[in-house]
Structures are given as C-alpha cells and as structure tokens.
**Student:** 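This is the structure, below, for whatever I ask next.
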There are 2 protein chains.
Amino acid sequence: MARTSDAKERLLASALELFSERSYANVGVQELCEHAGVKKGSFYYFFKSKQDLMLEALEHQSRAIGRMILTPAFCSNLPPLERIERLFHLTYEFQKAMKEKTGRVRGCFFGNLALELSTQDESIRHRLDRIFRTAITSIEKTVQDAVSAGDLADIDVAATAEAILAYWEGVIMLAKVRNDPGLLKDLAKGAKELAITETKDTAG
Amino acid sequence: MARTSDAKERLLASALELFSERSYANVGVQELCEHAGVKKGSFYYFFKSKQDLMLEALEHQSRAIGRMILTPAFCSNLPPLERIERLFHLTYEFQKAMKEKTGRVRGCFFGNLALELSTQDESIRHRLDRIFRTAITSIEKTVQDAVSAGDLADIDVAATAEAILAYWEGVIMLAKVRNDPGLLKDLAKGAKELAITETKDTAG
DNA sequence: ACAAAACTTTACTGACCAGTCAACTGGTCG
DNA sequence: CGACCAGTTGACTGGTCAGTAAAGTTTTGT
C-alpha cells in the first residue's frame, strides 16, 4: 500500500514556497502546478479546491515550525527566560536565511495568511487561531516554569504568554516591512521585558 | 479651480472600505468602481493603476489614523505612560466599532497591507515603512517624556518605541485572528511593561 | 459665446482565474 | 487473461482580471 506518487508532497512544498513568496491570492493553481511539475487535473485529484490545499499546507507548516523553531526553543533544558531569547534567535536565523536565499524577509507564514484571509475565510481563520493557541500554550508553559523557578513575579501567566506571541508576530512584521531580519535580534530582549513586570506602580 | 467631481474621493473611500474588508488582491478595479458609483474609464482618469490608487489610499488613511488615534493618544496632556494606555484603548474602540458594524475585526490597514504586499511591491513596502517610522517617532517622543519625567529608567528610547509599535501591531493581529477586539483591552498593559524594565538581572 | 479643460461613458483587449471532465496509462491484483 | 486502481493528461467552461481607446458630455475661465 505504499504511495505511488509524490505529486501531492510536491504541491504542498510549492504552496509553502509560493504563498510565502507572495500571497494566497497572488498565486494561481496553474502556477502552483507548474512549480510542482504537476498537471492541473492532478491537482484536483489530490485537493478538492485551492482552499483545501491551503488548509493542508497550514497543517504541514505548523508541524515544520514546531520541529524547527518551537520544539528547539521551548523543549530544551535551558532556563525558562533563555528559551524566549532562543525563540527570537531561531526566528532571526530563519528569516536571515530566507533573505539570503531570496532577497526578502518573508515573515511568518501564519501571520501573513492571518492578515490576508481571516476576514474572508472562516475555516482558515479558525485553523490559524488553533495554531496560534498551540504556540501560546508552549510559551505559557515556559512562563510558568519561570514563575516556579522564581525568575518572575506571580504574573498572569496566560496573558503574558499571549503578549509574547503578539510581540513575536509584531516584530516579524516590522522585520518584513523593513526587509531587515536584524530587527529580530535588536528587539528580542523586549520579549523578556513583557514578562518581567516588577509591578512598579507608575502613573496613578 | 475648484474640484468639479468627488469621484476620486469616493474611489479612495471605497478602496479603504473594501481593501480593509478583504485584501488588495481580492478586490478588483471593477468592484471598486461599482462600490464608488464610478465607471472604469473614470477610474483610470484619476489613477494610473490600481497600485497608484493604493499608494494614495495609504496616504489618506495615514492621515486619518493620525487624526483619529495617534494625535489623541500622543499629543494630549496626559502623563506619558497613560498615552500608551490610551493608544490601546482607542484602538480597542476602533476595532470594536468595526466588529459591531461589519461582524469582523478588520485589523490594521497598514499591517494587513504590509504582510500581503511588502514582498511583492517595493514602492508599497517603502511607503509602509515610512508610515510605521512616523508612528514610531510619536511613540519615541512619549517614551522620552516618560524617561524625563522619571517614570522610566534610562532605557534605549528608540528600541523601546519600536518594540511598542511591534507589540501594538501584534496584538491587533491576534485580535483579528480571534475576531475579538477584547484582546486589545486585555493585553494593553503589556505595552507599558515593554518600557518598564527595571533592569533586574535574570538568567545569567 | 466660445474654447479648453475636466470628467464620463461604452466597448473592447488579451491574459488569467478556479474548477471540470472524460479519456488514458501503467501497475497490481485474482 | 481481465478487472481494478492510483494517478495522469489535455482540452475545456464561464467568468473575472487590469488596463486601453476614443468619443461624448459637462464645467470652467475668458
């Protein structure tokens, strides 16, 4: 019962490549097929629609980012706060490599799709929400570890994790607009500052 | 020499409306024209291309956001750190109003465009970079005021301002993915925490 | 009144869009 | 052998895309 064709895998790889390079709407099924060396009829043998391919590509890339960035950053034996630093450092390396290969900081596949499609396609929005929540859960565990280790005050762990994810995505956005991965290095320390609230009462 | 037609203004308003509702690529010139009650030939009388319309719409919206959000948040007589709070609160109100009117959190016009187009169209990327830098300058002034007032330690003012902008955009993104403007309220306090680094030496 | 400028209108390109279909190929069963 | 199955192929549909051309109308300044 072994697979007899890798056309589907090639289409998914092309989807990741081309949707990252441009956007969902700017890449047609025809171009996707040419890039993957597959005929259009075969495309619709494997996927029932372009949206269906997108949903599978999201799944695929979600696992890839987990493997390449989230797991190495969060599941290590590093002290909790260093894991956050590592998250930014790995992202920096990733975007820098992209820029060297293609001339462009391509940003986060999920963030890109989120802003392009989440007002248009509820199933994609929902899938992205789940992916982000999964990442937040990893961050949350790290923040909790930091609190337990006494590195952090007794903060709102869930909200802090959401804040760190939002900051992460925001910094990637700014790096993309400037086409400069260096921003991920320069602004990495801000993420720790989101957690380290020594509850100094300011402004009222 | 008074203007004899408001068709151009109507096209710009439609552009803002429809590009926010969906995206740049998903709104055609024809639809834009129908929404504005203008014939296609007239569109190309006022704009030399769809991209040209986009650049003018960016200019337009940049001024509008300045008027509606940045100026009220930053140019007030409020204490500096409250201005940041106000930035988030005004954004919350804005996105909440959008959701009530259209059922969707539409996010930031600039952020949306940035992630959709900044790898494809260098002139739009460049324009967005300038718009973000302008906002960062406003934030920077506020952060500097806070340092001068003794509310903040002697931090890197420029980097902190960039961090706050990135965080702002990131939180708007997350609010859009969840279709929940409430996140802008819940995560507002994180922005102050980005500034308040009481340089506690943690992790090594 | 007149001409020029500002604007509108209609009809048109040629390319591309997502998606469909039926015929076909080569391998693997019984 | 013959049927079945996974996958392939190329031609096709109807619609939409950005952009153009040229003639027509209205508004303005003089």
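As the structure is a computational prediction, the values presented were derived from the model and not from experiment. First the proteins, then the strands, lettered A, B, ... as listed; each starts at 1.
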**Student:** Would you kindly give the CZ-to-P distance between B:Arg10 and C:dC7, to the nearest whole Å?
**Tutor:**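 Computing the B:Arg10:CZ to C:dC7:P distance gives 12 Å.
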
**Student:** Calculate the interatomic distance between A:Leu18 atom CG and C:dC17 atom P; express it in whole Å.
**Tutor:**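 That distance rounds to 12 Å.
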
**Student:** Could you please name the option among C:dC7, D:dT8, C:dC17 that lies closest to any side-chain atom of B:Phe46?
**Tutor:**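 Nearest nucleotide to the side chain: C:dC7.
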
**Student:** Less than 4.0 angstrom from a charged side-chain N to a carboxylate O is my criterion; do B:Arg127 and B:Glu59 meet it?
**Tutor:**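 Answer for the salt bridge query: yes.
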
**Student:** Round to a whole Å and report the spacing from CG of B:Asn26 to P of D:dG15.
**Tutor:**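 Those two atoms, CG and P, are 19 Å apart.
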
**Student:** Can you list everything that forms a side chain to side chain donor-acceptor pair (under 3.5 Å) with A:Arg106? Sequence neighbours excluded, please.
**Tutor:**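 Not a single residue meets the side chain to side chain donor-acceptor pair (under 3.5 Å) criterion with A:Arg106.
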
**Student:** Counting heavy atoms from C-beta on, name the nucleotide in C:dA18, D:dT8, D:dT9 closest to the side chain of A:Tyr44.
**Tutor:**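 Nearest to the side chain of A:Tyr44 among the choices is C:dA18.
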
**Student:** Tell me whether the guanidinium CZ or amine NZ of A:Lys8 lies under 6.0 angstrom from the six-membered ring centre of A:Phe47 and within 45° of its axis.
**Tutor:**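 Yes, A:Lys8 and A:Phe47 form such a contact.
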
**Student:** Considering residues at least two apart in sequence or located in another chain, which fulfil the salt bridge (Lys or Arg N to Asp or Glu O under 4.0 Å) criterion with B:Arg130?
**Tutor:**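 Partners of B:Arg130 by the salt bridge (Lys or Arg N to Asp or Glu O under 4.0 Å) criterion come out as none, since no residue qualifies.
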
**Student:** Tell me the interatomic distance from A:Phe43, atom CZ, to D:dG10, atom C1', rounded to whole angstroms.
**Tutor:**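 Going from A:Phe43 (CZ) to D:dG10 (C1'), I get 17 Å.
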
**Student:** Can you tell me how far C1' of D:dC12 sits from NZ of A:Lys39, to the nearest Å?
**Tutor:**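 Roughly 16 Å, once rounded to whole Å.
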
**Student:** Between P on D:dG19 and CG on B:Leu32, what's the gap in Å once rounded to a whole number?
**Tutor:**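 So the CG-P distance, B:Leu32 to D:dG19, works out to 12 Å.
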
**Student:** Between atom CD in B:Glu31 and atom C1' in D:dG15, what is the gap in whole Å?
**Tutor:**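 In whole Å, D:dG15 C1' and B:Glu31 CD are 14 Å from each other.
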
**Student:** Specify the residue among B:Val27 and A:Gly37 whose closest nucleotide of DNA chain D lies further upstream toward the 5′ end.
**Tutor:**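 Nearest nucleotide further toward 5': that of A:Gly37.
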
**Student:** Please work out whether the ring planes of B:Phe132 and B:Phe110 are parallel, tilted or perpendicular, with thresholds of 30° and 60°.
**Tutor:**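 Rings of B:Phe132 and B:Phe110: perpendicular, as their planes differ by over 60°.
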
**Student:** By nearest atom, which of the nucleotides D:dG7, C:dC7, D:dG19 is closest to the B:Ser49 side chain?
**Tutor:**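 Of the options given, the side chain of B:Ser49 lies nearest D:dG19.
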
**Student:** Starting at NZ of A:Lys50 and ending at C1' of C:dC17, how long is that distance when rounded to a whole Å?
**Tutor:**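 The answer, rounded to whole Å, is 9 Å.
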
**Student:** Looking at A:Tyr24, I'd like to know if the NZ or CZ of A:Lys50 sits under 6.0 Å from its six-membered ring centre while staying within 45 degrees of the ring's axis.
**Tutor:**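 Yes, a cation-pi geometry holds between A:Lys50 and A:Tyr24.
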
**Student:** When you check every protein heavy atom under 4.0 Å of nucleotides 21-26 of chain D, what one-letter string (B, S, -) results, 5' to 3'?
**Tutor:** B-----

**Student:** Among C:dT8, D:dT8, C:dT20, find the nucleotide with the atom closest to the side chain of A:Tyr45.
**Tutor:**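 Given the options C:dT8, D:dT8, C:dT20, the side chain of A:Tyr45 is closest to D:dT8.
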
**Student:** Consider only side-chain N and O atoms of A:His35 and A:Glu31, and report whether a donor and an acceptor are under 3.5 Å apart.
**Tutor:**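 Per modelled atom types, A:His35 and A:Glu31 side chains form no pair under 3.5 Å.
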
